[in-house]
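In this text, all values refer to a predicted model and were calculated from it rather than measured experimentally.
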Amino acid sequence: MGKVLTVLLLVCAIAGGIFMYYQQVYAYYYEVKPNGRSDVQATLLTTGTPEPMVYEDFRAIDADSSPIRYRACFTTPMSLGQMSKTYVPDADAVPLTAPRWFDCFDAKELGAAIEDGTALAFLGTENVEYGIDRIVAVRDDGRGWAWDQINRCGAIVFDGKPAPDDCPPAPKGY
């Protein structure tokens, strides 16, 4: 009887592990349908408002289970020099990993490119959702990526503290 219970326990543990892995890596993601106009936006230095960028080959995924699961890949003919004179830079950009199956988004490669200066990061849209900024990064060869990350105000409010005076007020329930 003990062997049967041990085998049953092992089977349940393995099935539970497979189920949790599937939930984290596949279950909640969906492909974002591109609209061909405003899928990639960056915030202008002159106005402080997001504006659509010139882009091609757009692919993106998102999930409703978390506000920071958005990942996108694209290409752009714009040069880094042109973009650095046009868009608000983001010095705090840290690309978040994507599921392995979304192979166009390699956070380690992108992070290294940002660190060595072969890619530049820009503020895409501030507070795309409260406390979450969309970041856009472009490499010198025209490959681009976008992802959502928690901003300074969001990090403070999500820790249960009141929003600082220089942050927008947190919505009810935060």
Do any side-chain atoms of residues 96-106 form donor-acceptor pairs under 3.5 angstrom with protein atoms, and if so which ones, sequence neighbours left out?
unit_1 : atom_1 : unit_2 : atom_2 : d
Trp101 : NE1    : Val25  : O      : 2.7
Asp106 : OD1    : Lys108 : N      : 3.2
Asp106 : OD1    : Glu109 : N      : 3.2

Please report, to 0.1 Å, the donor-acceptor pairs under 3.5 Å made by any side chain of residues 152-170, with sequence neighbours excluded.
unit_1 : atom_1 : unit_2 : atom_2 : d
Arg152 : NH2    : Asp166 : OD1    : 2.9
Arg152 : NH2    : Asp166 : OD2    : 2.5

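Other residues, nucleotides and ligands contribute only 12 or fewer heavy atoms inside 6.0 Å of the OH atom of Tyr28.
Partners of Thr6 by side chain to side chain contact (heavy atoms under 4.5 Å, CB included), not counting sequence neighbours, listed by chain and number: Leu10.
Sorted by first and then second residue, the side chain to side chain donor-acceptor pair (under 3.5 Å) pairs involving residues 75-92 (not counting sequence neighbours) are Asp57-Thr75. Listed by first and then second residue, the side chain to side chain donor-acceptor pair (under 3.5 Å) pairs involving residues 37-49 are Asn35-Ser38, Asp39-Tyr55, Thr47-Thr49 (not counting sequence neighbours).
The hydrophobic cluster containing Val54 also contains Met83, counting ILVMFWY residues as joined when their side-chain heavy atoms lie under 4.5 angstrom apart, directly or transitively. Taking hydrophobic clusters as Ile, Leu, Val, Met, Phe, Trp and Tyr residues chained together by side-chain heavy-atom distances below 4.5 Å, Val40 shares a cluster with Val138. A single hydrophobic cluster is not seen to contain both Val128 and Tyr30; linkage of ILVMFWY side chains at heavy-atom distances under 4.5 Å, directly or through other members, places them apart. Hydrophobic clustering (side-chain heavy atoms under 4.5 Å, transitive across Ile, Leu, Val, Met, Phe, Trp, Tyr) keeps Ile114 apart from Met78. Residues Val32 and Ile61 are members of separate hydrophobic clusters, defined by side-chain heavy-atom contacts under 4.5 angstrom among Ile, Leu, Val, Met, Phe, Trp and Tyr.
Interatomic distance, CE of Met53 versus CZ of Phe74, reported as 5.0 Å (0.5 Å rounding). The CZ atom of Arg71 sits 11.0 Å away from the CG atom of Leu110 when rounded to the nearest 0.5 Å. Taken from CG in Asp133 to CD1 in Ile150, the straight-line distance is 10.5 Å, to the nearest 0.5 Å.
For the pair Gly111 and Pro95, the tightest heavy-atom approach, listed with the atom from each and the gap, is N-CG, 3.7 Å. The shortest heavy-atom contact between Trp147 and Val94 is NE1-O, 3.2 Å. Shown here for Ile132 and Pro67, the closest heavy-atom pair between the two residues is CG2-O, 3.8 Å. In plain terms, the two heavy atoms of Leu44 and Val88 that are nearest each other are O-CG2, 3.7 Å.
Taking Ile, Leu, Val, Met, Phe, Trp and Tyr as hydrophobic and joining them when side-chain heavy atoms fall under 4.5 Å apart, one finds Val4 isolated, its cluster having no other members.
Because its NZ or CZ atom is both nearer than 6.0 Å to the ring centre of Tyr70 and within 45° of the ring axis, Arg134 counts as a cation-pi partner of that residue.
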